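Notes for the one structure printed next.
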2 protein chains.
Amino acid sequence: MIEESIDYKNYHESIISLFTIDKGKVKILLVRKQTEPYRGYWILPSDFVPVNQTLEGVLQELVYDKIGYQDFYMEQCHTFSRLDRDPDDRVIATSYIGLLDSTTAILKREERPEVESAWFDINEIPKVGYDHEEVIRYSIDRLRSKIVNSTVLKSLFPSDFTLPEIQKVYEEILGVHLDRRNFRKKFINLGLIEDTGYKNEGMNGRPAKLYRFKENVKERNLF
Amino acid sequence: MIEESIDYKNYHESIISLFTIDKGKVKILLVRKQTEPYRGYWILPSDFVPVNQTLEGVLQELVYDKIGYQDFYMEQCHTFSRLDRDPDDRVIATSYIGLLDSTTAILKREERPEVESAWFDINEIPKVGYDHEEVIRYSIDRLRSKIVNSTVLKSLFPSDFTLPEIQKVYEEILGVHLDRRNFRKKFINLGLIEDTGYKNEGMNGRPAKLYRFKENVKERNLF
DNA sequence: AATATAAGTGTGAATAAAACACAAAAGGGG
DNA sequence: CCCCTTTTGTGTTTTATTCACACTTATATT
């Protein structure tokens, strides 16, 4: 079935766009490449897929190394197969998006200090190596289309949040301005969240009520 | 960067779920496997990806061989990496959906008569080999979520169609019953189609008006 | 000419979305 | 301590969209 004269074996890599929310801003994790090619460039975390591991397995390990956490929401995004996407070898790549809430998304102190990692605001992404600009674009598009899903929301927000915070994230990801009253009305009526009874004190202006997600929120589309 | 002791090279295959509409029914193309494993089983058309070709390139060639047509709407669906999805080798697979209108979706007379191909109603799919049942499920889900997109509609319907035809396809894919009056009103108001002036004669009952898609329909979501 | 079959057509009720402005709770400064 | 600034919280009206619903018309058949 497979002709021996043609090479049918490809390297395959898993790539992840890890997102989190920090102070109302959407952030993505990048790492700095230490070796040629693209030495010194920021790129998305990625790793080659050995024959004895799944695409998801590779990423769970990878994220566990960085964050110490492997039980997070992850969803496949797109597979890239352009012939010249890697200058050295033919590497097919499958990208995923992953979501962490801000209390989880804390980078481990690196055992290997030469591996630099950092969270970047999705509106201030530096020049990146390989075709990762395209990969990031696909990831943000996916995030945008998924933000109307309850699972995604729950993964992205820590237990206590305010409605203005969540509204800002919506506005940032969707690139629109929303009316505060209409947003609150709609969001509260979805029945996903409950008042904790606490307030977000210490800030300027009237303190916002703190909400949490209810226990048994089923995955569904919201809007 | 790549440890030599571990095998990082995988076979990679492209799989396609080709859909078309025939007499108001949604059909998918399957081929009969001639060799072990799964000899005699129906499977989706698929081929291995050599290092010098893209995922899409492989499928364009594959479909050209079967249909004689390579300029069709195609969209990536999902990449499958379960370790045991192929009993012989580690094969990662990327699936696509492809759409053909009924005037294009005509199987070539096979040069190799031993390669059997056939269109199956998506509600009457036989037992299939490998993990292709799962692949088909993903494909139909994708088709369902895409049917509300103008590009998809235009690819799936030939130049002259009736509103009852298109409504039946909606009902079949979405699995719902729609009110004829509301459907017509909504669909005509979208501004995608125009009356050809002709009628679908020769059938029982009042003949339906024939419509066509307007020339410059931009891709957008409809519903 | 009568009958059967499938297509074509409009209106009112219910629901959802959008527009809109002022009051309340805190912190900071004089 | 009072006033000012900042940010959150809250209801109503208007508009647009969706849903429910029944009779007429064009053709093929007998």
Side-chain angles (χ1 to χ4, degrees), chain A residues 21-25 145 147-150 157-212 220-223, chain B residues 21-25 145 147-150 157-212 220-223:
Chain A
I21 309 289
D22 184 29
K23 302 189 187 71
K25 296 288 183 181
S145 74
I147 192 70
V148 296
N149 173 299
S150 57
F157 285 90
S159 52
D160 287 16
F161 54 85
T162 69
L163 279 180
E165 271 170 17
I166 216 167
Q167 183 181 342
K168 270 178 208 135
V169 171
Y170 263 84
E171 292 179 329
E172 196 179 347
I173 294 180
L174 300 178
V176 294
H177 172 74
L178 301 170
D179 181 272
R180 188 152 33 110
R181 285 159 293 187
N182 292 336
F183 181 83
R184 296 178 72 85
K185 203 186 319 168
K186 201 165 173 182
F187 204 86
I188 290 172
N189 283 341
L190 291 172
L192 300 177
I193 60 172
E194 56 192 8
D195 197 332
T196 62
Y198 296 98
K199 290 180 184 174
N200 192 22
E201 301 190 24
M203 313 295 277
N204 216 355
R206 176 174 176 170
K209 289 183 187 171
L210 287 168
Y211 291 86
R212 70 169 80 92
R220 64 184 169 103
N221 288 330
L222 308 177
F223 294 94
Chain B
I21 310 289
D22 184 28
K23 302 190 188 69
K25 297 288 184 181
S145 75
I147 192 68
V148 296
N149 172 300
S150 57
F157 286 90
S159 51
D160 286 16
F161 54 85
T162 69
L163 278 180
E165 273 169 18
I166 216 167
Q167 183 182 342
K168 270 177 207 135
V169 170
Y170 265 85
E171 292 180 329
E172 197 179 344
I173 294 180
L174 301 180
V176 294
H177 171 74
L178 301 171
D179 181 89
R180 189 150 32 108
R181 286 162 291 189
N182 291 334
F183 182 82
R184 296 178 73 85
K185 204 186 318 167
K186 200 166 175 182
F187 204 86
I188 291 172
N189 283 340
L190 292 171
L192 299 178
I193 60 173
E194 55 192 8
D195 197 331
T196 61
Y198 296 98
K199 291 178 182 175
N200 192 22
E201 302 190 20
M203 314 296 277
N204 218 354
R206 176 173 178 170
K209 290 183 187 171
L210 287 168
Y211 292 87
R212 71 168 80 90
R220 65 187 169 100
N221 289 330
L222 307 178
F223 294 93

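Owing to the predicted nature of the structure, the values given are computational and were not obtained by experimental measurement. Protein chains get the first letters and strands the later ones, always in sequence-line order, with residue 1 at the start of each.
- Distances were taken from every side-chain heavy atom of B:D179 (C-beta onward) to each of D:dG11, D:dG9, D:dC21; the shortest belongs to D:dC21.
- With hydrogens and angles ignored, a donor-acceptor pair under 3.5 angstrom links the side chain of A:R206 to the base of D:dT8.
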Query raised in the report: Taking it one step at a time, do B:E171 and B:Q167 satisfy side-chain contact (heavy atoms from CB on, under 4.5 Å)?
Result: CA-CA 6 Å; B:E171 292 180 329; B:Q167 183 182 342; 3.3 Å; yes
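- One cannot find a donor-acceptor pair under 3.5 Å joining the base of D:dT17 and the side-chain atoms of B:K186.
- Residue contacts for A:K209: at a heavy-atom cut-off of 4.0 Å it reaches the sugar-phosphate backbone alone, with no base atom in range.
- Dashed line: the shortest gap from a side-chain N or O of A:R184 to OP1 or OP2 of D:dG9 is under 4.0 Å.
- Between A:N189 atom CG and D:dG11 atom C1' there is a gap of 13 Å when expressed in whole angstrom units.
- Ranked by how close their nearest DNA chain C nucleotide is to the 5' end, B:P207 and B:N182 are led by B:P207.
- A straight line from CG of A:N200 to P of C:dG27 spans 11 Å, rounded to a whole angstrom.
- One axis for each end of the helix from C:dA1-D:dT30 to C:dG30-D:dC1, each built from five base pairs, and the angle between them comes to 10° at 10° resolution.
- Whole-Å rounding puts the A:L178 CG to C:dA19 P distance at 11 Å.
- An OP1 or OP2 oxygen of D:dT27 is reached within less than 4.0 angstrom by a side-chain nitrogen or oxygen of B:K199.
- Using bins of under 30°, 30° to 60° and over 60° for the plane-to-plane angle, the ring pair B:F157/B:F161 lands in the tilted bin.
- Each of A:M203 and A:R181 lies near DNA chain C, and the nucleotide nearest A:R181 is the one positioned closer to the 5' end.
- One cannot find a donor-acceptor pair under 3.5 Å joining the base of C:dA26 and the side-chain atoms of A:N204.
- At a cut-off of 3.5 angstrom, the base of D:dT17 holds no donor-acceptor pair with the side chain of B:K185.
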